[in-house]
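Mind having a look at this structure? Questions to follow.
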Amino acid sequence: MRQPAAVKNVLLLKAGDAAASVRVSVGDYDRWFLQTIGLSGYRFDIVPVHRGAPLPTSADRYDAVMMTGSPLSVTALAPWMERAAEFMVEAGERGTPVLGVCFGQQLLARAYGGRVSRNPEGRETGSIQVTLTEAGRQDPLFDGVPERFTAQATHEDIVSQVPGGAQVLAGNANTAAQALAFRPNVRGVQFHPEAGVDAMRAVIEARREGLEQAAVARGAAPGEHVRQLLAGLTPSPAGRRILLNFLERFS
């Protein structure tokens with residue numbers, strides 16, 4: 001009789017709460033990961049670190065550690081952020097694969113000596129195009145992913161100074177560091193591989209007023225920006241591939 005495949009234990013560090021309207025329509029950040037990855041072959045422990053939930057004493061019993069995005073900013077560092085960053089760095093140093101998404105990448109970048117700043121190009125939101133660097137094309141995180149692919153994004157901050165020893169794996173005109181390799185088993189992505197079109201639509205609707213105000217301040221016609229963002233939403237199958245590559249190729 002064929003033996004069932006071993007279940008991988010994943011520690012998902014939740015770094016914030018989505019807006020109430022987003023949670024009602026598409027669930028919170030952790031749910032996006034579970035829905036996109038699927039529960040077949042994976043067991044998730046979700047720790048809301050932003051709410052002060054205690055971290056495990058070590059990550060040794062986990063096959064991988066992941067951190068979600070957050071509406072909070074690494075530029076306004078809080079004690080829980082420092083504790084979570086220290087935990088992720090130590091996990092990576094002890095050999096556990098670590099993936100930071102959006103805020104998670106920024107927190108890792110700061111922990112490794114980089115810099116995080118508000119993006120002078122403005123908030124990047126919606127379905128975007130990302131291009132792999134030469135290093136990215138060789139990296140197992142992007143195995144089977146086209147050199148130029150669609151991703152979902154929503155962020156105001158960026159990694160403005162890449163830490164020493166890290167490699168840029170992907171970028172675009174808005175954000176040069178869309179993906180980073182910090183250590184052999186530690187990765188970050190600025191975009192949201194866990195988010196689908198429904199999630200992005202909910203996020204854009206929740207931020208409609210602020211998005212419009214910022215666009216008008218930059219010279220856009222009133223009412224046009226959000227309409228264009230919603231019209232431009234496109235499925236991003238590379239997202240699930242990237243998450244599965246991380247879980248299968250690194251752990």
Side-chain angles (χ1 to χ4, degrees), residues 12-19 29-30 32-33 47-52 55 65-93 97-126 128 130-133 135-136 139 141 151-183 185-195 200 203 207 210-211 214 218 242 246:
L12 182 59
L13 304 178
K14 188 169 181 284
D17 299 314
Y29 300 136
D30 51 321
W32 304 359
F33 279 86
V47 178
V49 287
H50 66 299
R51 292 185 176 274
L55 289 155
V65 175
M66 308 169 92
M67 176 176 267
T68 72
S70 177
L72 304 172
S73 175
V74 171
T75 64
L77 203 66
W80 71 262
M81 297 180 192
E82 295 183 292
R83 289 193 297 270
E86 185 179 338
F87 177 86
M88 288 192 292
V89 168
E90 182 178 353
E93 293 301 314
V98 176
L99 176 69
V101 171
C102 195
F103 173 92
Q105 167 170 279
Q106 295 162 9
L107 191 60
L108 282 169
R110 187 190 182 283
Y112 282 116
R115 183 176 299 142
V116 176
S117 311
R118 184 62 56 91
N119 188 356
E121 298 294 327
R123 175 180 283 277
E124 185 175 44
T125 300
I128 64 168
V130 175
T131 302
L132 297 176
T133 63
D139 197 274
L141 188 66
Q152 312 302 337
T154 174
H155 64 101
E156 284 186 293
D157 294 343
I158 56 169
V159 177
S160 53
Q161 181 180 314
V162 174
Q167 277 191 307
V168 177
L169 302 180
N172 65 8
N174 177 282
T175 302
Q178 287 281 0
L180 291 167
F182 296 103
R183 295 292 185 269
N185 58 328
V186 182
R187 296 290 182 274
V189 291
Q190 183 57 64
F191 54 90
H192 286 270
E194 80 287 4
M200 285 310 308
V203 168
R207 294 186 178 274
L211 289 168
R218 286 176 174 264
I242 291 164
F246 171 70

Response to the item:
Smallest heavy-atom separation, Ala177 atom then Val168 atom, equals CA-CG1, 4.3 Å

Discussion item. I need the Leu13 CG to Trp80 CH2 distance, nearest 0.5 Å.
Written reply: 9.0 Å

Discussion item. If you compare all heavy atoms of Ala111 against all heavy atoms of Val89, which two are closest, and at what distance to 0.1 Å?
Written reply: CB-CG2, 3.8 Å

Practice prompt. Decide yes or no for Pro71 and Arg207: does some side-chain heavy atom of the first lie under 4.5 Å from some side-chain heavy atom of the second?
Written response: yes

Worksheet item: By side chain to side chain contact (heavy atoms under 4.5 Å, CB included), which residues pair with Thr125, not counting sequence neighbours?
Response: Arg123, Thr154, Met200, Ile204, Leu211, Leu229

Response to the item:
Taking every heavy atom of Ala109 against every heavy atom of Pro163, the minimum-distance pair comes out as O-CG, 3.8 Å

Worksheet item: Distance from Phe87 atom CZ to Met67 atom CE, nearest 0.5 Å?
Response: 9.5 Å

Worksheet item: Any side-chain heavy atom of Phe103 sitting closer than 4.5 Å to one from Val74?
Response: yes

Discussion item. Please find the pair of heavy atoms, one from Leu72 and one from Ala15, that lie closest to each other, and give the distance.
Written reply: CD1-O, 4.1 Å

Worksheet item: Between Gln167 and Asp139, is any pair of side-chain heavy atoms under 4.5 Å apart?
Response: no

Worksheet entry | Side-chain heavy-atom pair Ile158, Glu124 within 4.5 angstrom cut-off | no

Worksheet item: So which heavy atom on Phe182 is nearest to which on Leu108, and how close?
Response: CE1-CB, 3.8 Å

Fill in: Check: Gln152 and Val203 side chains under 4.5 Å, non-hydrogen atoms
no

Fill in: Inter-residue atom distance Leu107.CG - Glu86.CD, 0.5 Å rounding
11.5 Å

Worksheet item: Less than 4.5 Å apart, any side-chain heavy atom of Tyr29 and any of Val101?
Response: no

Discussion item. To check you understand the geometry: which heavy-atom pair defines the closest contact between Ala151 and Val130, and what is its length?
Written reply: CB-CG2, 4.2 Å

Practice prompt. Applying side chain to side chain contact (heavy atoms under 4.5 Å, CB included), name anything that partners Asn185, two or more places apart in sequence or on another chain.
Written response: Arg183

Worksheet item: How about Asn119 and His155: does a side-chain donor come under 3.5 Å of a side-chain acceptor?
Response: no

Worksheet item: Hey, does Arg51 have a side-chain heavy atom less than 4.5 Å from the side chain of Asp17?
Response: yes

Worksheet item: Using the ring of each side chain (for Trp, its six-membered ring), is His192 parallel, tilted or perpendicular to Trp32, with breaks at 30° and 60°?
Response: perpendicular

Worksheet item: Residues two or more places apart in sequence or in another chain: which of them pass side chain to side chain contact (heavy atoms under 4.5 Å, CB included) with Ser73?
Response: Thr75, Asp157

Response to the item:
Rounded to the nearest 0.5 angstrom, the CD1-CG distance for Ile242 and Leu141 is 6.0 Å

Discussion item. Tell me whether the count of non-hydrogen atoms from other residues, nucleotides or ligands lying under 6.0 Å of CD in Glu156 goes above 12.
Written reply: yes

Worksheet, complete the sentence: CE (Met66) and CG (Leu12) are apart, to the nearest 0.5 Å, by 7.0 Å

Worksheet entry | Gap separating the CG atom of Leu180 from the CD atom of Gln190, nearest 0.5 angstrom | 9.0 Å

Practice prompt. Tell me yes or no: between the side chains of Asn172 and Gln178, is some donor less than 3.5 Å from an acceptor?
Written response: yes

